[in-house]
A.B. asks: 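Would you mind keeping the following structure in view while I ask a few things?
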Amino acid sequence: MSTDINKQVKPFDSFQVLYDILSWTGYLKPKNASSRAKKYLNTFHWLLTICIITYVNAGHIIFIFTSNDKNAIFETMILEITQINAIFKFLSLQTSKLSKINDVISGPYFATKSEKDEKLLKDNNKEMFRITTVMYTTLTTGCVVWIISYIRKKLKDDDTAVLFYVPIDSKPMSGFVITVFVEAILTLYVAYGHVAFDCVVAMYYAQAMVQLRIMKYNIQHMFDGDEVEESTTGHQVIYKDDKDATLKERFAYYVDKYDKVNWFTKNVNSVFNIALSFQFISMTGSCCCVICVLSISQSICSAMYLSNWVSVSPKFRRNIFIAMTRWTYPLKTRVSVVVPLSLSTMISIVRASYTLFTVMSEINVKE
């Protein structure tokens with residue numbers, strides 16, 4: 001994944017590694033095949049990815065409907081909700097609009113025209129490469145830890161089940177290990193495309209941002225140089241656009257460039273809107289599953305009430321009453337130890353995000 005971006009800075013440089021990963025995972029079918037055999041091979045690889053994504057989702061869904069363990073079902077639902085999102089991401093990448101968007105990135109309006117432009121673009125490319133490296137290092141490490149944790153649980157508890165359906169008996173250690181590796185490898189394969197999609201979307205928006213920064217800098221310094229002059233008679237003012245005929249051309253270029261960036265942003269939104277919307281919904285659904293799992297703490301008091309508590313002494317009943325008073329407080333999922341995961345928290349985050357957006361917009365205007 002290491003690429004020398006100091007040789008030649010192009011807007012599409014930051015996308016190249018991720019597009020290679022999307023092609024390698026079959027999320028994208030290469031269109032320019034060097035031979036008919038290569039074309040058929042690419043098509044087969046693309047169809048194989050469809051089968052893998054379908055099987056990963058089917059494996060979780062079958063387990064959900066065949067398992068009798070409620071906790072295991074909820075854990076599988078948390079995994080499956082995010083896996084369904086891979087289907088929407090895969091479908092989003094099949095549109096022909098992507099090639100038109102990439103043509104704009106590789107076109108003259110997004111190309112650099114000065115050292116400052118190159119510096120801004122180079123900084124953006126470096127940041128995108130850094131994010132990609134961190135994401136895939138974390139993803140691969142997480143998969144290894146996932147496999148180890150499964151085997152460790154199996155060694156401690158022989159009844160440990162893999163949250164995935166494989167048409168073999170996963171009860172013995174050999175079948176358990178095979179099932180774990182099948183789930184981990186297929187999930188990692190799908191996750192590589194999963195993460196590449198997320199990074200690509202982030203890079204598209206980052207590309208729009210850096211192009212606006214380039215425009216802002218160039219427009220701000222477009223009229224730098226000599227001041228307005230007066231003619232020798234003192235009655236006629238010689239403006240810069242009268243002396244420099246290229247000013248009008250440069251101004252027209254920036255007008256056209258802004259329209260291109262606007263078109264670019266709108267089309268990126270239209271291509272990825274459905275996938276991003278479902279990702280937001282899936283993340284919310286996963287949080288709901290976690291909260292639902294923890295909500296069982298609220299039923300502990302009812303379980304105590306439904307028990308045969310009348311058979312114990314009054315002294316013991318007082319202990320039960322004290323414990324039930326404590327159990328009336330539900331367990332809460334918290335982010336960063338102090339922030340509870342709830343509807344009110346989500347609304348507060350949206351409000352805070354909009355407030356921050358307003359403040360940053362004001363700062364950008366003043367600058």
Side-chain angles (χ1 to χ4, degrees), residues 1-4 8 10-62 79-80 82-107 128-129 132-133 135-136 139-140 143 164-168 178-204 207 264 267-268 270-276 278-279:
M1 204 172 294
S2 59
T3 302
D4 187 4
Q8 186 179 6
K10 295 181 180 180
F12 200 76
D13 286 346
S14 58
F15 293 85
Q16 192 59 56
V17 172
L18 291 172
Y19 264 85
D20 291 341
I21 294 174
L22 288 172
S23 298
W24 172 74
T25 54
Y27 275 66
L28 277 179
K29 183 168 63 172
K31 296 181 179 179
N32 299 323
S34 56
S35 63
R36 181 174 295 182
K38 189 70 178 292
K39 181 180 179 181
Y40 289 149
L41 184 63
N42 291 337
T43 303
F44 173 77
H45 185 200
W46 181 72
L47 293 174
L48 179 63
T49 298
I50 295 176
C51 294
I52 291 175
I53 294 175
T54 304
Y55 180 71
V56 169
N57 284 275
H60 290 140
I61 293 172
I62 292 173
L79 293 173
E80 177 54 23
T82 57
Q83 290 300 329
I84 293 177
N85 195 19
I87 299 175
F88 288 90
K89 291 180 178 180
F90 179 85
L91 295 175
S92 297
L93 292 171
Q94 310 312 312
T95 177
S96 59
K97 286 185 178 180
L98 270 182
S99 59
K100 297 179 180 178
I101 292 173
N102 294 336
D103 288 342
V104 172
I105 295 177
S106 303
M128 293 299 104
F129 274 103
T132 303
T133 303
M135 291 287 285
Y136 279 99
L139 182 62
T140 307
C143 181
F164 190 76
Y165 173 78
V166 173
I168 62 173
I178 292 174
T179 305
V180 168
F181 272 91
V182 168
E183 180 187 20
I185 292 173
L186 293 182
T187 302
L188 181 64
Y189 180 86
V190 174
Y192 262 68
H194 229 306
V195 173
F197 177 93
D198 295 336
C199 292
V200 162
V201 174
M203 287 183 184
Y204 275 120
Q207 189 62 225
F264 174 85
N267 278 271
V268 169
S270 65
V271 169
F272 302 117
N273 181 50
I274 296 177
L276 293 178
F278 189 83
Q279 181 160 348

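What you see below is based on every heavy atom in this structure, not just the backbone, and it leaves out hydrogens, waters and symmetry mates.
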A.B. asks: Once you round to the nearest 0.5 Å, how far does CG of L186 lie from OH of Y55?
C.D. replies: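 Between L186 CG and Y55 OH, I get 7.0 Å after rounding to 0.5 Å.
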
A.B. asks: Is there a side-chain contact between Y204 and F264, using heavy atoms and a 4.5 Å cut-off?
C.D. replies: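 Yes, their side chains come closer than 4.5 Å.
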
A.B. asks: Can you name the closest pair of heavy atoms from I84 and N57 and give their distance?
C.D. replies: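 Reported closest heavy-atom pair: N-OD1, 3.3 Å.
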
A.B. asks: Over all heavy atoms of both residues, which pair between I178 and I168 is shortest? Give the atoms and the distance, please.
C.D. replies: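 Closest approach of I178 to I168: CG2-CD1, 3.7 Å.
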
A.B. asks: Quick one: pull up CD1 in I62 and CZ in F164 and give me the separation to the nearest 0.5 Å.
C.D. replies: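 It comes to 8.5 Å.
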
A.B. asks: Please report the shortest heavy-atom distance between F88 and S92, naming the atom on each side.
C.D. replies: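 Taking every non-hydrogen atom into account, O-OG, 2.8 Å.
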
A.B. asks: For T49 and T25, indicate whether the former's side chain and the latter's backbone hold a donor-acceptor pair under 3.5 Å.
C.D. replies: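 Side chain of T49 to backbone of T25, a donor-acceptor pair under 3.5 Å: yes, one is there.
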
A.B. asks: Distance check, rounded to the nearest 0.5 Å: H45 atom NE2 versus K38 atom NZ?
C.D. replies: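 Taking NE2 in H45 and NZ in K38, the distance rounds to 11.5 Å.
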
A.B. asks: Report the C-alpha distance between D198 and K89 in whole Å, list the side-chain angles of each, state the deciding distance to 0.1 Å, and finish with yes or no for side-chain contact (heavy atoms from CB on, under 4.5 Å).
C.D. replies: CA-CA 9 Å; D198 295 336; K89 291 180 178 180; 2.7 Å; yes

A.B. asks: Take L18 and F129 through the side-chain contact (heavy atoms from CB on, under 4.5 Å) test and state the conclusion after the steps.
C.D. replies: CA-CA 9 Å; L18 291 172; F129 274 103; over 6 Å; no

A.B. asks: On the 0 to 90° scale, with breaks at 30° and 60°, tag the Y189-W24 ring pair as parallel, tilted or perpendicular.
C.D. replies: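 Tilted, since the angle between the ring planes falls between 30° and 60°.
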
A.B. asks: Y136 side chain to Y192 main-chain N or O, any donor-acceptor pair under 3.5 Å?
C.D. replies: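 Answer holds: yes.
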
A.B. asks: Roughly how far apart are I21 CD1 and L28 CG, rounded to 0.5 Å?
C.D. replies: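 If we round to the nearest 0.5 Å, I21:CD1 and L28:CG are 11.5 Å apart.
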
A.B. asks: Measure up the Y19 and F12 rings against each other and bin them: parallel (under 30°), tilted (30 to 60°), perpendicular (over 60°).
C.D. replies: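 If you compare the ring of Y19 with that of F12, the planes turn out tilted.
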
A.B. asks: Please step through side-chain contact (heavy atoms from CB on, under 4.5 Å) for the pair E183 and V166, ending with a clear verdict.
C.D. replies: CA-CA 9 Å; E183 180 187 20; V166 173; over 6 Å; no

A.B. asks: Flag the pair M128 / V17 as yes when at least one side-chain heavy-atom distance between them is below 4.5 Å, and no otherwise.
C.D. replies: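 They are not in side-chain contact.
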
A.B. asks: Could you tell me which non-hydrogen atom of A196 sits nearest to which non-hydrogen atom of L22, and how far apart they are?
C.D. replies: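 Of all heavy-atom pairs spanning A196 and L22, the closest is CB-CD2, 3.6 Å.
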
A.B. asks: With a cut-off of 6.0 Å (strictly less than), are more than 12 heavy atoms of other residues, nucleotides or ligands near CD1 of I274?
C.D. replies: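 Open.
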
A.B. asks: Verify side-chain contact (heavy atoms from CB on, under 4.5 Å) between V268 and Q207, making sure each step is shown before the conclusion.
C.D. replies: CA-CA 11 Å; V268 169; Q207 189 62 225; over 6 Å; no

A.B. asks: Do you know the tightest heavy-atom contact between K97 and S270?
C.D. replies: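 Heavy-atom minimum between the residues: NZ-OG, 3.5 Å.
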
A.B. asks: Atom CG in L91, atom OH in Y27: separation rounded to 0.5 Å?
C.D. replies: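 L91 CG to Y27 OH: 10.5 Å, rounded to 0.5 Å.
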
A.B. asks: Return the OG1 to CG distance between T95 and L98, rounded to the nearest 0.5 Å.
C.D. replies: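 Result: 6.0 Å between the selected atoms.
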
A.B. asks: Identify the two heavy atoms, one from G26 and one from W46, that lie closest to each other, and give their separation to 0.1 Å.
C.D. replies: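 Minimum heavy-atom separation between G26 and W46: O-CD1, 3.2 Å.
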
A.B. asks: Taking ring-ring contact (aromatic ring centres under 6.0 Å, His included) as the definition, give me every residue that meets it alongside F197, ordered by chain and number, with sequence neighbours left out.
C.D. replies: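 Listed in chain order: F272.
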
